Amino acid sequence: QVRLVEAGGGSVQAGGSLRLSCAASGTTTGSYLWGWFRQAPRKEREGVATIDQDDEPLYSNSIRGRFTISQDKAENILYLQMNVLQPDDTGTYYCALRPGPSTWGVAWLRPSDYKYWGQGTQVTVSS
């Protein structure tokens, strides 16, 4: 059974930075997508960034250039470095894992395709 545990959320002012981490246990081997999603109050969950087993990333347009996704394969940890945070970045951030091969494309950020989810960590950005 795969277990994902996020950490690193908090409250910052606009323009600040945070680094999220997601520790995985019981992970699958082979091909996968491992991503970050967020959900603001009264909004649908949206894909933020994801990365595959070959370190190929995909970012949503709203955060491109400000956020960086990376992974430590030896330690099974996923990271999201978030810079120049804005109030619109406020929400609960989840990491999720999608086992299996996939073709690069926008579907990589589709929440319904991901099988395993963490509990989430709150990020609040004040203006």
Side-chain angles (χ1 to χ4, degrees):
Q1 182 68 21
V2 174
R3 183 167 181 255
L4 304 173
V5 179
E6 303 96 336
S11 297
V12 297
Q13 291 191 325
S17 298
L18 284 173
R19 188 191 197 201
L20 305 182
S21 64
C22 172
S25 59
T27 53
T28 60
T29 58
S31 302
Y32 60 83
L33 293 175
W34 199 2
W36 289 99
F37 298 78
R38 68 186 181 188
Q39 189 164 17
R42 298 175 297 280
K43 291 189 176 180
E44 291 187 357
R45 192 169 298 187
E46 64 171 348
V48 174
T50 192
I51 194 166
D52 74 355
Q53 69 284 349
D54 296 325
D55 290 318
E56 183 71 33
L58 181 69
Y59 296 98
S60 71
N61 291 333
S62 63
I63 59 86
R64 188 175 290 115
R66 299 188 296 121
F67 293 8
T68 303
I69 190 171
S70 62
Q71 60 183 330
D72 184 331
K73 296 178 187 178
E75 298 293 331
N76 282 339
I77 301 175
L78 181 72
Y79 297 101
L80 186 68
Q81 177 66 44
M82 305 186 295
N83 298 327
V84 196
L85 282 161
Q86 303 166 2
D88 284 348
D89 295 318
T90 294
T92 302
Y93 282 68
Y94 301 89
C95 75
L97 182 69
R98 169 187 163 178
S102 59
T103 301
W104 192 94
V106 295
W108 276 20
L109 292 175
R110 190 162 55 203
S112 59
D113 285 359
Y114 285 71
K115 181 176 182 179
Y116 301 104
W117 290 84
Q119 294 299 307
T121 185
Q122 179 66 33
V123 172
T124 302
V125 185
S126 58
S127 58

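Computed from a prediction, not measured in an experiment: that's the story for all the values here.
- Qualifying side chain to side chain donor-acceptor pair (under 3.5 Å) partners for Ser102, counting only residues two or more places apart in sequence or in other chains: Trp108.
- Within the structure, the side-chain hydrogen bond (donor to acceptor under 3.5 Å, both in side chains) test picks out the following pairs touching residues 84-95 (sequence neighbours left out): Arg38-Asp89, Arg38-Tyr93, Arg66-Asp89, Thr92-Gln122.
- The hydrophobic cluster containing Ile69 does not contain Trp117, counting ILVMFWY residues as joined when their side-chain heavy atoms lie under 4.5 angstrom apart, directly or transitively.
- Sorted by first and then second residue, the ring-ring contact (aromatic ring centres under 6.0 Å, His included) pairs involving residues 57-92 (not counting sequence neighbours) form an empty list.
- For the ring pair (Phe, Tyr, Trp, His ring centres under 6.0 Å) test, residues two or more places apart in sequence or in another chain that qualify with Tyr114 are Phe37.
- No chain of hydrophobic side-chain contacts below 4.5 Å, direct or via other Ile, Leu, Val, Met, Phe, Trp or Tyr residues, connects Val48 to Leu109.
- For Arg64, the CZ atom counts as densely surrounded, since its 6.0 Å shell holds more than 12 non-hydrogen atoms of other residues, nucleotides or ligands.
- Leu33 and Leu97 are assigned to two separate hydrophobic clusters, defined by single-linkage of ILVMFWY side chains at heavy-atom distances under 4.5 Å.
- Applying the side chain to side chain donor-acceptor pair (under 3.5 Å) criterion to Gln81, with sequence neighbours excluded, gives Asn83.
- In this structure, Ser126 and Pro87 approach most closely via the heavy-atom pair C-CG, 4.4 Å.
- Within the model, atoms OG1 of Thr121 and CG of Leu80 stand 11.0 Å from one another, a figure rounded to the nearest 0.5 Å.
- Between the CE atom of Met82 and the CZ atom of Arg19 there is a distance of 11.5 Å, given to the nearest 0.5 Å.
- Residue pairs meeting the salt bridge (Lys or Arg N to Asp or Glu O under 4.0 Å) criterion with at least one partner in residues 52-61, sequence neighbours excluded, are Asp55-Lys73.
- The nearest pair of heavy atoms linking Ser17 to Val84 is OG-N, 4.3 Å.
- Residues forming a side chain to side chain donor-acceptor pair (under 3.5 Å) with Arg110 (at least two apart in sequence, or on another chain): Asp113.
- Annotation: salt bridge (Lys or Arg N to Asp or Glu O under 4.0 Å) contacts involving residues 7-18, sequence neighbours excluded, are absent.
- Across every non-hydrogen atom of Trp34 and Ala96, the tightest pair is CD1-O, 3.2 Å.
- Taking CD of Gln71 as the reference point, atom OG1 of Thr50 lies at 9.0 Å (rounded to 0.5 Å).
- Within the structure, no pair that satisfies the disulfide (SG to SG under 2.5 Å) test touches residues 96-127, not counting sequence neighbours.
- Scored by the side chain to side chain donor-acceptor pair (under 3.5 Å) test, Asp72 finds no partners at all (sequence neighbours excluded).
- The heavy-atom pair separating Leu78 from Gly35 by the smallest distance is CD2-O, 3.9 Å.
- Within the structure, no pair that satisfies the disulfide (SG to SG under 2.5 Å) test touches residues 96-127, not counting sequence neighbours.
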Can you give the donor-acceptor pairs under 3.5 Å from side chains of residues 6-16 to other protein atoms, not counting sequence neighbours?
from : atom 1 : to     : atom 2 : distance (Å)
Glu6 : OE1    : Gln119 : N      : 3.1
Glu6 : OE1    : Gly120 : N      : 2.8
Glu6 : OE2    : Cys95  : N      : 2.9
Glu6 : OE2    : Gly120 : N      : 3.2

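- Cluster annotation: Ile51 is connected to Leu20 through the hydrophobic network of ILVMFWY side chains, with a link wherever side-chain heavy atoms come within less than 4.5 Å.
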